[in-house]
Amino acid sequence: MPLIEEALRLYWDDIFPDGAPPRPEYWTEVARKLVRRATKAPHGRPIKFPKEETVRKHLPVIYARVLGEKGGP
């Protein structure tokens with residue numbers, strides 16, 4: 001899902017301020033943080049973003065790809 005991947009790249013440092021783990025302990029928590037951050041209304045306009053369950057489902061594969069790009073372990 002390109003929108004989820006784009007949001008993860010964009011908000012990576014916000015979601016993992018102390019650095020990203022090789023594999024998060026709780027995917028649900030990461031999905032919740034990403035959805036919360038991605039749906040913050042920029043300039044008062046809400047953004048349409050997949051639901052937390054959808055993000056959670058796709059996150060492991062997307063995370064591995066982005067982690068590699070970010071130089072993670």
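The shown structure was predicted, so the numbers you read here are calculated from the model rather than taken from an experiment. Just so you know, these numbers use all the heavy atoms, side chains as well, and skip hydrogens, waters and symmetry mates.
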field: Electrostatic pair E53-K57, nearest N-O below 4.0 angstrom
entry: no
Closest contact, heavy atoms only, [X] versus [Y]:
X: Y11; Y: A38; answer: CE1-CA, 3.7 Å
X: T54; Y: M1; answer: CG2-SD, 3.9 Å
X: L3; Y: P50; answer: CD2-CD, 3.8 Å

How long is the gap from [atom1] on [X] to [atom2] on [Y], to the nearest 0.5 Å?
X: K51; Y: T39; atom1: NZ; atom2: OG1; answer: 12.0 Å
X: H58; Y: I4; atom1: NE2; atom2: CD1; answer: 5.5 Å
X: F16; Y: K33; atom1: CZ; atom2: NZ; answer: 7.5 Å
X: I15; Y: Y63; atom1: CD1; atom2: OH; answer: 10.0 Å
X: F49; Y: K40; atom1: CZ; atom2: NZ; answer: 14.0 Å

- request: Name all residues meeting the salt bridge (charged side-chain N to carboxylate O under 4.0 Å, His left out) criterion together with R65; count only those two or more places apart in sequence or in a different chain, and write none if there are none.
  value: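 Checked R65 against salt bridge (charged side-chain N to carboxylate O under 4.0 Å, His left out); matches are E5.
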Taking the side chain as every heavy atom from C-beta outward, state whether [X] and [Y] have any pair of such atoms under 4.5 Å apart.
X: T28; Y: E52; value: yes
X: L67; Y: W12; value: yes
X: L8; Y: L59; value: yes

- request: Spell out, yes or no, whether V35 and L10 are grouped together once hydrophobic residues are joined by side-chain heavy atoms under 4.5 Å, including indirect joins.
  value: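 Yes.
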